[in-house]
Amino acid sequence: MDRGSEDRFQTGKEFFESRQQDRQQRGRTAARRKHAWFFFLLPSLLGVTVFVLIPFLDVVRRSFVTAVTQEWAGLGNYRNIFGNQAFRLAVHNTLRFTVVCLPLLIGLGLLAAVWLARFKKIQLIKSLFLFPLAMPAATVVLIWKMLFSRQGFLNGLLISAGLLQEGMLYDYMGTGAAFWVLVFSYVWKNLGYTMVLWLAGIFAVPDSMCEAARVDGASEGQVFWRVIFPNLKSSLYTITVLSFLNSFKVFREAYLVAGSYPHEDMYLLQHLFNNWFVNLELDKMAAAAVCVGAVLFFIILLLQRLWRQEDA
């Protein structure tokens with residue numbers, strides 16, 4: 001082989017090796033990019049594991065042992081809570097509260113969003129609707145007492161309107177009306193963010209779709225139900241899940257107003273958990289927490305499955 005052929009062969013070999021190295025480098029880069037998501041999720045995953053999953057697994061363990069001696073109790077703790085009258089009352093009131101509040105909050109939020117969507121400048125109005133969400137719990141409790149106590153504004157208003165005699169003053173937090181006061185407080189406080197989420201979904205619908213429907217002769221009601229509302233399924237799922245979870249956070253106001261043992265119509269699961277915790281009945285509390293967590297997880301998975309079936 002002459003000198004020129006040898007140089008050309010060497011040059012070709014070097015070119016082939018460089019191309020092969022470039023392909024290997026691109027392959028390693030692509031692999032790193034493919035798994036880059038894991039490093040972004042790792043801090044959050046570690047936090048959830050340390051502060052949520054591991055404690056919940058410990059709660060599951062505690063639900064099968066006694067509180068003091070840590071002896072194995074099997075399903076005894078679960079039998080105790082399902083035979084407990086206070087637990088059944090709390091479950092009944094919590095389910096009743098959720099069933100009443102969710103449709104009411106979601107429906108009123110949608111109506112308010114549809115009404116506000118007609119205005120051009122709604123930033124100030126949106127801020128006013130979000131104001132109750134920013135109010136401290138102590139302020140909300142003070143408003144409750146000013147409105148619904150025996151000497152509150154509601155009794156005074158009813159007396160002024162001639163609907164109530166002066167000698168018949170009601171303490172609404174101590175009667176069956178306490179449940180509806182709780183419902184009113186929940187809807188009043190959470191209506192703002194529900195309306196804002198609905199508005200975000202409504203404004204995300206392209207105007208061209210609505211205009212095309214109007215050109216075809218559709219009325220405003222038909223435009224909403226046939227064009228806008230079908231595009232709000234993702235918003236509906238988010239609002240339903242958030243409203244469902246927030247319905248378990250109404251305990252603070254109820255506890256500050258009526259204490260650990262309120263009227264039986266507003267005695268919720270959170271009251272029961274608080275009382276068990278104070279009495280150090282941790283085995284019962286753990287069993288009840290596992291049951292509630294399983295129900296919440298099942299309901300959220302069911303909602304997600306229903307929404308996926310509708311999208312398909």
Check whether any side-chain heavy atom of Leu46 sits under 4.5 Å from a side-chain heavy atom of Thr49, and report yes or no.
no
Using the ring pair (Phe, Tyr, Trp, His ring centres under 6.0 Å) rule, collect all pairs that involve residues 273-292, keeping only residues at least two apart or in two chains.
none
For Phe203, look at atom CZ and say whether over 12 heavy atoms of other residues, nucleotides or ligands are found less than 6.0 Å away.
yes
Shortest non-hydrogen separation from Ala213 to Val227 and the atoms involved:
CB-CG2, 3.8 Å
Which residues pass the salt bridge (Lys or Arg N to Asp or Glu O under 4.0 Å) test with Arg226, not counting sequence neighbours?
none
How are the rings of Phe148 and Phe184 set to each other: parallel, tilted or perpendicular (split at 30° and 60°)?
perpendicular
Could you tell me whether Arg96 sits above the aromatic face of Phe179, with NZ or CZ closer than 6.0 angstrom to the six-membered ring centre and within 45 degrees of the axis?
yes
Tyr186 side chain to Asn246 side chain, donor-acceptor N/O pair below 3.5 angstrom
no
Is the shortest side-chain heavy-atom distance between Met285 and Arg62 below 4.5 Å?
no
All heavy atoms of Asn77 vs all of Val65, minimum pair found to be ND2-O, 3.0 Å
Do the non-hydrogen side-chain atoms of Leu242 and Leu197 ever get within less than 4.5 Å of each other?
yes
Phe153 atom CZ: more than 12 heavy-atom contacts under 6.0 Å:
no
When you compare the side chain of Arg61 with that of Asp58, does any pair of heavy atoms fall below 4.5 Å?
yes
Close side-chain approach of His92 and Glu264, heavy atoms under 4.5 Å:
no
Is there a side-chain contact (heavy atoms from CB on, under 4.5 Å) between Ile300 and Leu245 once you walk through the steps?
CA-CA 10 Å; Ile300 292 175; Leu245 296 178; 4.2 Å; yes
Ring centres under 6.0 Å, that's the criterion: do Phe229 and Trp225 meet it?
yes
Trp180 side chain reached by Asp265 side chain, heavy atoms, under 4.5 Å
no
Between Met266 and Asn93, is there a side-chain heavy-atom distance shorter than 4.5 Å?
no
Quick check: are there more than 12 heavy atoms from other residues, nucleotides or ligands sitting under 6.0 Å from CG of Asp207?
no
Taking atom types as modelled and ignoring hydrogens, do the side chains of Ser235 and Trp198 form a donor-acceptor contact shorter than 3.5 angstrom?
no
Is any side-chain heavy atom of Ser243 less than 4.5 Å from a side-chain heavy atom of Thr194?
yes
Heavy-atom pair with the smallest gap, counting every atom of Ala178 and His263:
CB-CB, 4.4 Å
Any donor-acceptor N or O pair under 3.5 Å, side chains Arg214, Gln222:
no
Could you check whether Tyr78 and Asp283, counting side-chain N and O atoms only, form a donor-acceptor pair closer than 3.5 Å?
no
